[in-house]
Number of protein chains: 2
Amino acid sequence: MIHLEWYRIFLHAAKAGNLTKAAGELYITQPSVSYAIKQMEQALSMKLFHRQSKGVELTTEGKQLLLYVEQSFALLEAGEKKMSALKHLTGGELRVGASDSLFKHFLFPYLDTYHKQYPDVRIRLSHGKTSEITARVKEGSIDFGLIHLPTADDPHLDVHTIMTLQDCFVGGEAYRDQAGHPLSAQDISQFPLLLLSPGSSTRRFIEQWFAAQDVAIEADIELGSIDLLIEFAKLGFGVAFVPRSYVVKELAEGTLHELKPAKAIPARSIGITTRRDMTASVAAAKFLVMLSF
Amino acid sequence: MIHLEWYRIFLHAAKAGNLTKAAGELYITQPSVSYAIKQMEQALSMKLFHRQSKGVELTTEGKQLLLYVEQSFALLEAGEKKMSALKHLTGGELRVGASDSLFKHFLFPYLDTYHKQYPDVRIRLSHGKTSEITARVKEGSIDFGLIHLPTADDPHLDVHTIMTLQDCFVGGEAYRDQAGHPLSAQDISQFPLLLLSPGSSTRRFIEQWFAAQDVAIEADIELGSIDLLIEFAKLGFGVAFVPRSYVVKELAEGTLHELKPAKAIPARSIGITTRRDMTASVAAAKFLVMLSF
DNA sequence: CCTTCCCATAAAGGAGCTCTATATCATGAT
DNA sequence: ATCATGATATAGAGCTCCTTTATGGGAAGG
């Protein structure tokens, strides 16, 4: 079999037309080059070079071989360049999965910074419910997912908490009077409730909170976006259940009022999930560092 | 720098998805493969494989690299195939130079045999005068040339005699009576002479023969082809100067008659000329062997 | 004729690949 | 839980074969 390193020597020798010069380019000695070429000629059982007094010249067969070796090496060089680009983040891609609201309210500033710092890294976002995100992480189609915790334990996934989220009930002007005193779950369930659509982890979370207190609830308005819930609450349609950080501005302005449940709503965590047996790509690793992961 | 042999190991490992299996394919041991991959990952300073319990799987970066390495190796393999074809004469070309008459009367049967034996070797013929042929050999555009000897000594060319050629004077029916007795050069010069055009080595040869005997000659008919000279001689146009081997049939039939010069015409040699500092291509070497070179 | 440039060869030395042996870890069955 | 299986990682010794140094020889050019 042909030792591949011979090809590199062959290539230099062919292009230089001079074994001594080729040796210099390769930082080895001339006998080394002679030896390698000789090995190669024996392996192929044909002469590759004519030895002349002023150097070497390819034989007919050698010329043919050069055509292939040249192209082959050009490809390998391109590959090494590509690797370098991936390494230095002047190429490659970052594939993130999360829900729309996490993108908008949490991930966006990081993505913005990342993109400005590494404009050549293509960013691909995919939204979906927690279950869809974890599935994509598992199959490897995204680098990591940003999800609400807790989530079902999966032996193939690693989950790291990166921040906590405090949910709250908010209502418009009509609820100003309710904001002062604690309300039972039963009291709250009597208000028109604005909730995220079923299937979302937030919806499941609040339903469990009520259920733990033996209160059955029914949503008056179901929407797919937290932003829309907030809008409807401001318009007086009822009481919305949303993360408090999403409505700090409205609470300060007084356009929304927070209702205090007698039993505190536990904080929820937001986490990043990755595949346990996969180390992150260079692009993903850099992003995770930004999140002080 | 990346040792090229690593790429081969990388390729097998990537395709097998299993270092142990790759090791088997390469007839080396598993630790060898582990070691090589590790070297490679260190050289590129990035992970190329995810190590899993059931084998290995390419990382994002590894997948990128594979694209290049795969193609590169496909090219090298194609190159090796090509070399094998050249070696086994199922490819390549044979480039021969000679005068038209040498092709027709000498080389043709060999070319025919050669082509039947190695139908995949492309045969390229180029005709010309001796000086043109030798020039092409020197510049490397043909593998060898078939020429009339003697020729000017050239330090870059090797010349081997492969056969001798006896020229003779022949005439048609009208010369039957002259065939019995020796004729002086002077006698012969009086006949209408059918000669090859000036510039050919044959023409120069016969002119020198006459000149050595202080006889000036003038051609009555000058043609570029020995075959035509023979035709005209048969038609009675005069005495043609041609190689005897070209007219053995006519002499036997009695359609042509040979004139015997008092001073014998020296035999001429036909030789093969090749470049001194170049070994013949595989295709050419095989042909030269056929000529019992 | 002598110098210069280049390739081939021989022999010694050593870098690093490869091997054997063993550890470790994950998975799946008992 | 425990064990068997199959995979990769690691350590250390061994040896292959590449590289080097030293030298010879041939061709071209002044």
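Chain A is the first sequence line, chain B the second, and so forth, proteins listed ahead of strands; every chain is numbered from 1.
- OP1 or OP2 of D:dT8 sits under 4.0 Å from a side-chain N or O of B:Thr20.
- Checking the phosphate oxygens (OP1, OP2) of D:dT8, no side-chain nitrogen or oxygen of B:Lys54 falls inside 4.0 Å.
- Residue-level contact check: A:Val33 touches neither bases nor backbone, having no heavy atom under 4.0 Å from any strand.
- Within the 4.0 angstrom heavy-atom criterion, no nucleotide atom of any strand lies near B:Glu5.
- Atom CZ of B:Phe10 and atom P of C:dC17 are 18 Å apart (whole Å).
- For A:Gln52 and A:Pro31, each mapped to the nucleotide of DNA chain D holding its nearest heavy atom, the one lying further toward the 5' end belongs to A:Pro31.
- Separating the NE2 atom of B:His3 from the P atom of D:dT19 is a distance of 8 Å, rounded to the nearest angstrom.
- Phosphate proximity of D:dA9 to B:Arg51: present, with a side-chain N or O under 4.0 Å from OP1 or OP2.
- The side chain of B:Asn18 contributes no N or O atom lying less than 4.0 Å from OP1 or OP2 of D:dG6.
- Among the nucleotides D:dA9, C:dC17, C:dT27, the one closest to the side chain of A:His156 is C:dT27.
- Within the model, atoms NE2 of B:His160 and CZ of B:Phe144 stand 13.0 Å from one another, a figure rounded to the nearest 0.5 Å.
- With rounding to whole Å, B:Gln39 atom CD is found 9 Å from C:dG16 atom P.
- At the phosphate of D:dT8, neither OP1 nor OP2 sits under 4.0 Å from any side-chain N or O atom of B:Ser34.
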### salt bridge (charged side-chain N to carboxylate O under 4.0 Å, His left out) between A:Glu61 and B:Lys87, intermediate numbers included
CA-CA 9 Å; A:Glu61 289 84 11; B:Lys87 185 169 128 198; over 6 Å; no

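- A straight line from CD1 of B:Ile9 to C1' of C:dG16 spans 13 Å, rounded to a whole angstrom.
- If you take CG of B:Leu19 and P of C:dC19, they are 14 Å apart, rounded to a whole angstrom.
- Using a 3.5 Å distance cut-off with no hydrogens or angles, the side chains of A:Thr113 and A:Gln117 do not pair a donor with an acceptor.
- At the phosphate of D:dG6, neither OP1 nor OP2 sits under 4.0 Å from any side-chain N or O atom of B:Lys21.
- In this structure, the nucleotide among C:dC17, D:dA11, D:dC18 sitting nearest to the side chain of A:Tyr35 is D:dC18.
- The shortest side-chain heavy-atom distance between A:Val159 and A:Ile272 does not fall under the 4.5 Å cut-off.
- Atoms NE2 (B:His12) and C1' (D:dT8) sit 19 Å apart, rounded to a whole Å.
- Dense packing is recorded around CZ of A:Arg276, with more than 12 heavy atoms of other residues, nucleotides or ligands lying under 6.0 Å away.
- Remark: C1' of C:dA23 and CD of B:Gln30 are 12 Å apart, rounded to the nearest angstrom.
- One atom, CD1 of B:Ile28, and another, P of D:dT16, lie 17 Å apart when rounded to the nearest Å.
- Judged by distance alone, the side chains of B:Ser281 and B:Arg95 never bring a donor and an acceptor atom under 3.5 Å apart.
- One finds no side-chain N or O of B:Ser53 lying less than 4.0 angstrom from the OP1 or OP2 phosphate oxygen of D:dA7.
- Between C:dC17 and B:Ser32, no contact under 4.0 Å exists linking OP1 or OP2 to a side-chain N or O.
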